[in-house]
Number of protein chains: 2
Amino acid sequence: MSAIAAALGVSAATVSNALSGKGRVSPELIEKVRAKASELGYVPSLTARALRTGRTGVLGLVLPDIANPLFPQIAQAIENAASNAGYGVLIADSRGDIAAQTEAIGRLLERGVDGMVIVPRRGTRIADVGCPVAVIDTPSTPGNTVSADHWDGGSQMGRHLAELGHRKVLLIGTSASSNVQNDRIGGLKAGLGAQVECDTMWIEKVEAVSGEGCPLGLADKARLGFTAFAAVSDLSALRALTELQRAGIGVPETVSVTGFDDLIWSAVVTPALTTVRMDMATIADLAIAALIRAIEPEGEAENGAEEVSTGNVISETDRVPMQLIVRQSTAAPHAGRTPNLHAPTPNKPTAGEITS
Amino acid sequence: MSAIAAALGVSAATVSNALSGKGRVSPELIEKVRAKASELGYVPSLTARALRTGRTGVLGLVLPDIANPLFPQIAQAIENAASNAGYGVLIADSRGDIAAQTEAIGRLLERGVDGMVIVPRRGTRIADVGCPVAVIDTPSTPGNTVSADHWDGGSQMGRHLAELGHRKVLLIGTSASSNVQNDRIGGLKAGLGAQVECDTMWIEKVEAVSGEGCPLGLADKARLGFTAFAAVSDLSALRALTELQRAGIGVPETVSVTGFDDLIWSAVVTPALTTVRMDMATIADLAIAALIRAIEPEGEAENGAEEVSTGNVISETDRVPMQLIVRQSTAAPHAGRTPNLHAPTPNKPTAGEITS
DNA sequence: TATTCTTGCTTAAACGTTTAATCAGAGCAT
DNA sequence: ATGCTCTGATTAAACGTTTAAGCAAGAATA
């Protein structure tokens, strides 16, 4: 920067003003500075700027257990939204216990992040950490900033199954202590309606008895008359699908299987999974927007309160709708009259739904 | 920091020296400074330090397509290794084309990263970007810093299948232009040996003809006498497994299916996938270590060359072994005499192999 | 014509470290 | 006693920005 100033015979401050458009600089000079800057390949030192302004232009991203297959979607969406807003994203993995989460948050703070996005571990409540925080969890969690409307997604899926004619469905969750999963289950029940009989299986409980990775006994459930298995995550859906197939039960002609989240494999397995997708791009945009609103001094806020608020930020809307994606793993029950075991049932698009 | 100095009646420089152990400070004073520092809850400003030293303590992580399900493993391992070494990790997603990758690298440079880890897009050669770079790709790629020994992994898997008695196996890859996949395929062929007949199917080519997500026609292949399907990624293995199951072909009693990478679902599906795992923790440690060696001024290097090298760094070893994980999706061919369709074949641990 | 306002720029301080250079005093040998 | 070295601290500059304050000259106002 001083090189530009010297080359043009002006002061460094003027160059700064010219480039930022802040002070009073003549239009011609601004042009000359711009030209010289790009001529010299000038890149501002964000470090120095950070030191002076106290803002680093970096956001932190804290993720619960990183093994979570949703992670790529989240990280990508957040990184994209942040980088569009001119921010960098520092990741921190709170793998392990709550202590690790706290420690990860601490590391981010030391690095001087301007704010952070936290996808909290189950049952964690984020204390005021000293910088703006956007929490992505579920609308029913207090302190939530923005998230997918898991309940709504469940209800869409429930309606889909009810409309197909299913009257006895098994809901499959992993952990009863997850807010997200409980919301999804609640939505499913509501969507299925009162006349549909349903039962809930928590995989964690089954595994506590029979060991990790044990069979879930879904074939028996099918024999008991369950015609649909609605898992609350694609991973569980995949587990259900393969277990049923292995037991010789046809999907979807004998039973239907559905998942949640539209993870990478959902479209690839046979039959492709009917699932529900969250709009992470929108969620990330809202979270980042809320964060930035808290970070950057608002034009109007000349009335004293120039302080950056340090708690959980709030968004305009706290829930964004999910999107039902109908593929080949769902069909009407008892459709097995003419099962074609060697080719998946062809795609039957339905108005208003995404089919892929 | 100046608060500490004032409280103890010494200069700020002395405090700095005391805490860093650099200059000449009396042991008692060091203790007093330490005490006062923690009493006042002093946290050094990494921003200021960065400005002064020119090093930010931040590494960049550039990932090819972030939808890649391996991403969580990589990100977790890198973040862990970096944070153990006292570095933060800034992510950059080179989603999309090569231009996006270049642009992502640029953003990281602007933010002043001290070095970066790049998992390059297929066919990309990383130009000298102006900071140390660790490339994680495959040993056969020029410029590779460290990676899993994909060829060795393939060869382990090949031997496993050959020992089980398979004599005709179909190798399944996604894209013929991937170095990683070609290495894996090469290893597989070598491990299978000359007396095993094998054919290679590239999914991209099949889909170019029949459309994305089309059936791969594996049932026909089974009828042609293939008794094993060795995919070069777990995603393809999953695709193969479900397609075969759906066609009524028993895995593993009729045909075996194997994958690569031990992704999250591999242990969860029925039958659980036999696969090969890379030791990302070690790879990440080596990559970060190599990077740091290039970044931090070596004690011996008093001989002029104090410059930080700006090219691809090299590691002590460029390949770390993969680990065969035998689960239930592989068995001897024609073992279908006594198939138990309703329960997966029980785990049969083999010496020297991991079974889970 | 004298005063104030506005414009366009410069000066200087500040952000919180690190580090080279300096310096006062103590111990020691001459 | 005088010069030398070693120790433990201090001073001051520097990193590259931003920004409040100052200032000279021209424009507008009285």
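Note on naming: letters A, B, ... go to the chains in the order of the sequence lines (proteins, then strands), and numbering restarts at 1 for each one.
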Rounded interatomic separation in angstrom, taking [atom1] from [X] and [atom2] from [N]:
X: B/Leu46; N: C/dT18; atom1: CG; atom2: C1'; answer: 14 Å
X: B/Ile4; N: D/dA9; atom1: CD1; atom2: P; answer: 15 Å
X: B/Glu110; N: D/dT17; atom1: CD; atom2: P; answer: 12 Å
X: B/Leu19; N: C/dT18; atom1: CG; atom2: C1'; answer: 12 Å
X: B/Glu28; N: D/dT7; atom1: CD; atom2: P; answer: 14 Å

B/Ile288 and its side chain to side chain contact (heavy atoms under 4.5 Å, CB included) partner, picked from B/Val117, B/Asn80, B/Val89: B/Val117
Between B/Arg107 and A/Glu79, does at least one N-O distance fall below 4.0 Å, as a salt bridge requires? yes
Quick test of your reading of the model: are A/Glu316 and A/Arg293 salt-bridged, counting only N-O distances below 4.0 Å? yes
Produce the list of close N/O pairs, under 3.5 Å, pairing protein atoms with atoms of nucleotides 10-16 of chain C; give distances to one decimal.
| residue | atom | partner | partner atom | Å |
| --- | --- | --- | --- | --- |
| C/dT10 | OP1 | A/Ser11 | N | 3.4 |
| C/dT10 | OP2 | A/Ser11 | N | 2.9 |
| C/dT10 | OP2 | A/Ser11 | OG | 3.1 |
| C/dT10 | OP2 | A/Thr14 | OG1 | 2.5 |
| C/dA14 | N3 | A/Arg52 | NH1 | 3.2 |
| C/dC15 | O2 | A/Arg52 | N | 3.4 |

Angle between the end axes of the helix from C/dT1-D/dA30 to C/dT30-D/dA1, five pairs per end, to the nearest 10 degrees? 60°
Less than 4.5 Å apart, any side-chain heavy atom of A/Ile295 and any of A/Leu59? yes
Strictly under 3.5 Å: I want the nitrogen or oxygen pairs between protein and nucleotides 23-25 of chain C, one per line.
none

Check this one for me: any side-chain N or O of A/Ser16 less than 4.0 Å away from OP1 or OP2 of D/dT18? yes
Below the 4.0 Å mark, does D/dT18 have OP1 or OP2 next to a side-chain nitrogen or oxygen of A/Lys22? no
For residues 10-28 of chain B, the salt bridge (charged side-chain N to carboxylate O under 4.0 Å, His left out) pairs (sequence neighbours left out) are none
Does one side chain, of B/Asp279 or B/Thr282, offer a donor that lies under 3.5 Å from an acceptor on the other? yes
Distance-only polar pair, side chains of A/Thr138 and A/Asn179, donor-acceptor under 3.5 Å: no
Distance-only donor-acceptor pairs under 3.5 Å for side chains of residues 46-53 of chain B, two or more places apart:
| residue | atom | partner | partner atom | Å |
| --- | --- | --- | --- | --- |
| B/Thr53 | OG1 | B/Arg49 | O | 2.8 |
| B/Thr53 | OG1 | B/Arg55 | N | 3.2 |
| B/Thr53 | OG1 | B/Arg55 | O | 3.4 |

Nearest 0.5 angstrom please: B/Leu19 CG to B/Met1 CE, how far? 7.5 Å
Listed partners of B/Asp137 passing salt bridge (charged side-chain N to carboxylate O under 4.0 Å, His left out), at least two apart: none
Closest approach of A/Leu291 and A/Ala134, non-hydrogen atoms and distance? CD1-N, 3.6 Å
